[in-house]
Amino acid sequence: MKSRLITIAAGLAMVTASLSGCGNSNTSKKSSASHSAKKTTQVTSSASTAKYTPAKDLKSKYDVIIVGAGGAGMSAALAAKDKGLNPVILEKMPIAGGNTLKASSGMNASETKIQKKDGIKDTNQKFYEETLKGGHGTNDKKMLRFFVNHSASAVDWLDSMDIKLNNLTISGGMSVKRTHRPADGSAVGGYLVTGLLRNVKKQNIPVFVNTDVTKINQTNGKVSGVKVKINQDKTKTISSKAVIVTTGGYGASKKLIKKYRPDLANYVTTNQKGSTGDGIKLITAMGGYTVDMNKIQIHPTVHQKPAYLIGEATRGEGGILVNQNGKRFVNELKTRDLVSAAINKQPNKDAYVVFDSGVKARVGSIAQYQKLGFVKSADSWTALAKKLHVPSSTFETTMTDWNQAVKNKKDTDFNRTTGMDHQLNGKTCYAIKIAPGIHYTMGGVKINPQTEVLKESGQAIPGLFAAGEVTGGLHGSNRIGGNSVAEIIIFGRQAGTEAAKYLK
């Protein structure tokens, strides 16, 4: 098979608004900030080219096999390589990245050097408590404790590979800024995938795409390798005493969604089409078991046609939600399940994310939303109201009241306390029509903090590890935005390390 080339943009160029009229602003300061962001983008967002390993080079034996080339899989491979192993990554899709490529807002972590530099007081305990509250107390507490305690070191680990997440924002359900993202505020997913692929290539770790693992083999109760189908044609058996499954969730499987949550069967999904629960099937066939399979998260802000996630950073950096009557109706930074429920109570079960050129300058992914044609813009709230077909007088009152709330640092309507650092009074006014969509599957196979796959008896399956969205239990009933990116790095890295311990 010829080597395949993929170009993944790690970030999105910042576009400076040139219209005027939304409100008074410090234009010289904003211009300077925009210039700085553009400069940073040029440095961190240049496209990188990943060259995949030709199928003819696939060997019959490796120290450890990683199934899935998303963020968790590549993190596992890099950690395993660091421990002296010879890993291989097998990916069923034509490109690497998986759902990580879809990640938008950032990576949550507490007690980080980035937070300390910015004067943000945070603790692992606070992160733990807020995540537990967001999951309605149903999270696996041992997994959660490991997660928060290793979040800062995961940011440092990425930094050591020149994957720098040194810009902070906030996500729903969090009380402080702990969502780490690229310096220019661009979407974290593409940036992460580019950086991880760069390091995978640097470490000479083979990555085979269009290579579908159809079975995990066992000998005498222990993992002994996998069976693969290459290019939907040739089959091959590969030997290994350790397998790490990082295949993601099942958010793109209509069959599984209908099975576990028939009430969500007609929702659009933000998942990449390869997220069909394959890893769950591989593991349960070996005696592993699943938890929380009916816990499926809908994200409140999804552009519907085509289905496209409008990242939480748009609200975290100051955006608000208004309904068809031009009114706010919820604290926009409550947890995703609560905000989604509030949107579903509105006329037509939809709403608008409303923001200004200041938010746009701080959230790099908005440039992509514009490019895709999702964004309505105008030079005043009155003009924007006409484009949205909402009552202009009501809408103007909503915006005036909101800016006053930001100025007073007190939202008397919905008690919002975060994402209120800037008034919405930039030169240009923007809105994107949204409604909830399937975003993440909290359920999956059961693992312990050592990422060992467990049987229902509590016994680990020797040689079998898993990490990322394929697993269940960490997030409880509702995932906090920014925690999935942290999960794939923390537990992906852990899986590679633990596989090395097992083999030695």
Side-chain angles (χ1 to χ4, degrees), residues 71 75 103-137 139-160 163-188 191-192 311-319 331-336 338-339 359 362-363 406 409-411 415-422 449 474-476 478-494:
S75 295
S104 178
S105 295
M107 170 181 171
N108 287 344
S110 51
E111 297 186 17
T112 69
K113 62 185 181 184
I114 313 300
Q115 288 178 311
K116 291 170 186 174
K117 183 179 178 183
D118 281 13
I120 294 170
K121 295 179 180 179
D122 194 12
T123 66
N124 291 341
Q125 182 61 24
K126 186 187 289 185
F127 187 16
Y128 175 91
E129 290 171 358
E130 291 176 0
T131 300
L132 187 63
K133 181 180 178 182
H136 305 300
N139 315 61
D140 181 315
K141 294 179 178 62
K142 288 183 180 179
M143 291 287 292
L144 180 56
R145 185 64 70 182
F146 184 94
F147 171 78
V148 299
N149 288 348
H150 291 80
S151 61
S153 61
V155 171
D156 292 341
W157 183 64
L158 290 172
D159 187 75
S160 73
I163 303 172
K164 299 182 181 298
L165 303 178
N166 51 14
N167 183 328
L168 293 169
T169 189
I170 196 165
S171 59
M174 301 284 97
S175 64
V176 298
K177 290 185 177 181
R178 62 170 66 103
T179 307
H180 296 64
R181 58 184 183 162
D184 59 1
S186 60
V188 70
Y191 178 74
L192 260 182
E312 206 149 333
T314 307
R315 286 169 285 140
E317 288 297 323
N331 173 347
E332 293 85 355
L333 287 174
K334 278 186 173 290
T335 53
R336 290 173 172 179
L338 296 178
V339 178
V359 174
R362 296 186 294 274
V363 183
V406 174
K409 298 299 179 188
K410 187 175 179 66
D411 175 20
N415 298 314
R416 175 168 164 176
T417 58
T418 56
M420 297 178 70
D421 297 333
H422 307 273
L474 173 66
H475 304 291
N478 175 69
R479 180 176 66 81
I480 296 292
N483 277 0
S484 62
V485 175
E487 177 188 20
I488 61 176
I489 303 302
I490 293 166
F491 288 107
R493 184 185 180 197
Q494 173 76 332

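This structure is a prediction, so every number in the text was calculated from the model and none was measured. Throughout, numbering of the chain's residues begins at 1 and tracks the sequence.
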Legend entry - For His422, side-chain contact (heavy atoms from CB on, under 4.5 Å) partners two or more places apart: Arg362
Legend entry - Distance-minimising heavy-atom pair for Ser175 and Thr418: O-CG2, 3.9 Å
Legend entry - Flag if over 12 foreign heavy atoms under 6.0 Å of NZ, Lys117: no
Legend entry - Chi angles and distances behind the side chain to side chain contact (heavy atoms under 4.5 Å, CB included) call for Thr335, Ile480: CA-CA 7 Å; Thr335 53; Ile480 296 292; 3.9 Å; yes
Inset, instruction - Would you name the heavy atoms of Asp184 and Ser186 that are closest together and state the gap between them? - result: OD1-OG, 2.7 Å
Inset, instruction - Test side chain to side chain contact (heavy atoms under 4.5 Å, CB included) on Asn483 and Phe127 and set out the steps. - result: CA-CA 10 Å; Asn483 277 0; Phe127 187 16; 3.4 Å; yes
Inset, instruction - Output the distance between atom CG (Asn166) and atom CG (Asp159), rounded to the nearest 0.5 Å. - result: 7.5 Å
Legend entry - Gln494 side-chain N/O to Pro449 backbone N/O, donor-acceptor pair under 3.5 Å: yes
Legend entry - Asn331 side, atom CG; Thr417 side, atom OG1 - distance, nearest 0.5 Å: 7.0 Å
Legend entry - Passing candidate, salt bridge (Lys or Arg N to Asp or Glu O under 4.0 Å) with Asp122, options Lys116, Lys177, Arg178, Lys113: Arg178
Inset, instruction - Would you give the length of the straight line joining atom OG1 of Thr131 to atom NZ of Lys141, rounded to the nearest 0.5 angstrom? - result: 12.5 Å
Inset, instruction - Taking all heavy atoms of Asn124 and all of Ser110, pick out the closest pair and write down the distance. - result: OD1-OG, 2.6 Å
Legend entry - Heavy-atom pair of closest approach, residues Ala154 and Ile489: CB-CG2, 3.9 Å
Legend entry - From Ser171 atom OG to Arg479 atom CZ, the distance as rounded to the nearest 0.5 Å: 9.0 Å
Inset, instruction - Without swapping roles, check the side chain of Glu317 against the backbone of Thr169 for a donor-acceptor pair under 3.5 Å. - result: no
Legend entry - Heavy-atom closest contact (Glu487 atom, Phe147 atom, distance): N-CE1, 3.5 Å
Inset, instruction - Take Leu144 and Leu474 through the test side chain to side chain contact (heavy atoms under 4.5 Å, CB included) and record every step on the way to the result. - result: CA-CA 6 Å; Leu144 180 56; Leu474 173 66; 4.3 Å; yes
Legend entry - More than 12 heavy atoms from other groups under 6.0 Å of NZ on Lys164: yes
Legend entry - Student check: side-chain heavy atoms of Met143 and Phe491 closer than 4.5 Å: yes
Inset, instruction - Identify the two heavy atoms, one from Ser105 and one from Ala313, that lie closest to each other, and give their separation to 0.1 Å. - result: OG-N, 2.9 Å
Legend entry - Pairwise distance CG(Leu168) to CD1(Ile120) - rounded to 0.5 angstrom: 4.5 Å
Legend entry - Met420 backbone acceptor or donor facing Lys409 side chain under 3.5 Å: yes
Inset, instruction - Pick out which of Val363, Val485, Leu192 makes a side-chain contact (heavy atoms from CB on, under 4.5 Å) with Arg181. - result: Val363
Inset, instruction - Using ring pair (Phe, Tyr, Trp, His ring centres under 6.0 Å) as the criterion, list what pairs up with His475, not counting sequence neighbours. - result: Tyr440
Inset, instruction - Hey, could you give me the OH/CG distance between Tyr191 and Leu158, rounded to the nearest 0.5 Å? - result: 9.0 Å
Legend entry - Within-4.5 Å side-chain heavy-atom neighbours: Thr123 and Glu111: yes
Inset, instruction - Can you sort out the partners of Thr112 under side-chain contact (heavy atoms from CB on, under 4.5 Å), two or more places apart, ordered by chain and number? - result: Ala109, Ile114, Gln115, Ala152, Val155, His180
Inset, instruction - Show your reasoning for whether side chain to side chain contact (heavy atoms under 4.5 Å, CB included) applies to Asn478 and Arg336. - result: CA-CA 7 Å; Asn478 175 69; Arg336 290 173 172 179; 4.1 Å; yes
